[in-house]
J.: 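Encoded as structure tokens, here's the structure I'll be asking about.
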Amino acid sequence: MPRLGCDYNFEQWPPEVWVEDMALMRRAGVGLVAVNVFGWSELEARPGEYDFTALDRVVELLHEAGIKLNLGTGTASAPPWLTRRHPEVLPVTADGTTRFPGGRQAWCPSSPVFREHALRLVEQVAARYGNHPALDLWHVSNELGCHNALCYCEASAAAFRGWLEQRYGTVEALNKAWGTAFWSQRYAAFDEIQPPRAALSVRNPAQLVDFQRFSSDALLDHYRAEAQVIRRHSAIPITTNFMVTAHIRNQDYWSWAADMDVIANDHYLDHRLPDPVAELSFAADLTRGLAGGRPWMLMETSTGAVNWQPYNLAKEPGQLLRNALTHVARGADAICFFQWRASAQGAEKFHSAMIPHAGADSAVWRDVLELSATLGKLGEVDGTTVAADIALVFSWESWWATDTEARPSQDLRYLDQVHAAYRALRELGVTADIVAPGTDLSRYRAVVVPCLHMVSDQEAAAVTNYVESGGRAVITFYSGIVDPDDRVRLGGYPGAFRELLGVVSEEFAPLLPGASVPLADGGEATLWTERLRLTTATTELAYADGRPAVTRNEFGAGEAWYVSTGLDTPALRDVFERATAHSGAEPAPDTEVVRRGPFVFVINHGSKDIDHPITGHELVTGQTVTGSVTVPGGTVRVVREEA
Ligand code: GAL
């Protein structure tokens, strides 16, 4: 069955509770438990003095209960003695402010001192538990870069310079890449270069992008250093928990994925977004993309409210199950929660858990048992893969480059544009693979390229060649504009895709908030317009005054569409339907239909019952369905389809 798991912060509880917890975990069918994620100050209360008594005991209790270990290296947060003795490990923000201990993750990713101490702990933990029969997975640090991704201290500055020397070789090459002729920024030597610290005016955007790349690499390097130590003692798979989510953008996980033995993601519904449930689906699909299409694990999610949003909403009845099964539908083979037992103290005391403050006589606990029982019925789904025939290209580099300090409109945000495209596809009933720029697209029926602002020649060629040999692509505005040095591609927008799209845009013409431009079909365009000229393309959707808004260009054996303006979801959905030659039926409103192997997940987010046409064996109710399955409001059905 897809595994059920959790974080177990046993350090917060007395040993009597551990024993009770083992019994409850067994009752809930918990099969995988993350321990020692924040254990450092307990294991090494004073430098070099290790005490594993409590961890040993909990590991044995779990083992006796038949529960597997997802073992943290314990390095996520440094103990107080380390930052007191070595304040130089503390991270520094762009304006030069030191971030003090008192929260968590108060360490600079490039600090050699932190690294040395962390690896010493990893050595101890790996040597002690590396061959333990309960050990199933290594959990390096925790959410690397959640808080400390960008550090501007002197150690980071030195590491950044080293990284730049490696990338560019000569300072002349760097000057060229960064366009330092602008505003008298020319460097004579690498040692003149600083991280992009807070400045009086807009900072060099190419430097900002390189600092993002460097910072992502610095944390990956930390991961590799810990993993190397583990490997000397243990053959068990190693991973760390990614944060594929809307509010974290500092790690280019495309470059991290190959280092992970298993892809693991943490995901929480984000109620700051217009459509949190659609974002969950997007994050799950992107995680599957990082896993190369193979099954992955949800390392953390919540049973109810989190504690870090402005308004921390409880889940509605049934929502826990719907959210979890959406992850399973989109490729997850394990669902793990943060955390087992709600903390009574500390910064997360109002974060939900599998056992809430109210205890086991609670609706949340009963929801957990229901989820466990349902996962128990989905054993056949394990290991199967999602087959998608449409791809959506996603790029962290374009995210960094788009959301930079000076841009045509501050309302133009990369992720908004990606989410808009994703939502339109989802409403159409399309399950998309989320792929990296430059991926071979030949196996897809159609490809959607939203706001791919920063694109290399090869990445652009991957789209162009795909269309030339018969593919269908839809590209949305602000794509193809700059090369990987953040240099504008001259000759008219959309630069790298101009010829493919058969258009030239001479000028961006973004709109003020609340402003709109009427479209010929009665709709309205918002946010963005362009002064667009057709070279070989034809107009598919015009503004009311006849100027082109959406275009189509036959190119080689295929065709490429350009969406040059901000459309609402129904309009974008119509464009995608035509441009991708989509023929399937749209799902019922508020319903998500995803196929994984022979299994069709029908997730009814609405309150009304729906009927979905299908024949086969339904796993949740254990019934045979012929012609259609009824999915009561708020529930999920999973049908093994039979022709
Ligand atoms: C994650 C983190 C956990 C916990 C959780 C709360 O960021 O890994 O330790 O803080 O969020 O939602």
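These figures come from a predicted structure and were not determined experimentally. Read the numbers this way: they start at 1 and go in the same order the structure lists the ligands and their atoms.
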J.: Using 4.0 Å as the upper bound for N to carboxylate O, is an ion pair formed by Glu370 and Arg366?
T.: no
J.: Which option wins on minimum heavy-atom distance to atom 9 (O) of ligand 1: Met299, Arg104, Gln105?
T.: Arg104
J.: May I ask you to check whether Asn307 has an N/O atom sitting below 3.5 Å from an N/O atom of ligand 1?
T.: no
J.: Heavy atoms only: which of Glu143, His351, Glu348 is nearest to atom 10 (O) of ligand 1?
T.: Glu348
J.: Give a yes or no on whether Gln345 atom CD has more than 12 heavy-atom contacts from other residues, nucleotides or ligands under 6.0 Å away.
T.: no
J.: Heavy-atom contacts under 4.0 Å between Met243 and ligand 1: side chain, backbone, both, or neither?
T.: neither
J.: Between ligand 1 and Gln339, can you find any atom pair, the residue atom being a heavy atom, that is separated by under 4.0 Å?
T.: no
J.: Near Asn142, which atoms of ligand 1 are under 4.0 Å from a heavy atom of that residue?
T.: 2 (C), 8 (O), 9 (O)
J.: Heavy-atom distances under 4.0 Å are what count here, so tell me which part of His147 touches ligand 1: side chain, backbone, both or neither.
T.: neither
J.: CZ of Arg272: more than 12 outside heavy atoms within 6.0 angstrom?
T.: yes
J.: More than 12 heavy atoms of other residues, nucleotides or ligands under 6.0 Å from CD of Gln410: is that the case?
T.: no
J.: Measure the spacing between OG1 of Thr635 and CD1 of Ile603 and express it to the nearest 0.5 Å.
T.: 10.5 Å
J.: Of the backbone atoms (N, CA, C, O) and the side-chain heavy atoms from C-beta on, which set of Glu300 has a member under 4.0 Å from an atom of ligand 1: side chain, backbone, both, or neither?
T.: side chain
J.: Around atom CD of Glu316, are there more than 12 heavy atoms of other residues, nucleotides or ligands at under 6.0 Å?
T.: no
J.: Counting neighbours of CZ on Arg294 that are heavy atoms of other residues, nucleotides or ligands and sit closer than 6.0 Å, is the number greater than 12?
T.: no
J.: When the ring planes of Phe214 and Phe160 are compared, do they come out parallel, tilted or perpendicular, using 30° and 60° as the limits?
T.: tilted
J.: Relative to ligand 1, is Asp7 under 4.0 angstrom through side chain, backbone, both or neither, heavy atoms considered?
T.: neither
J.: Using a strict cut-off of 4.0 Å, indicate which atoms of ligand 1 neighbour a heavy atom of Phe38.
T.: 9 (O)
J.: Can you find an N/O atom of Trp308 closer than 3.5 Å to an N/O atom of ligand 1?
T.: yes
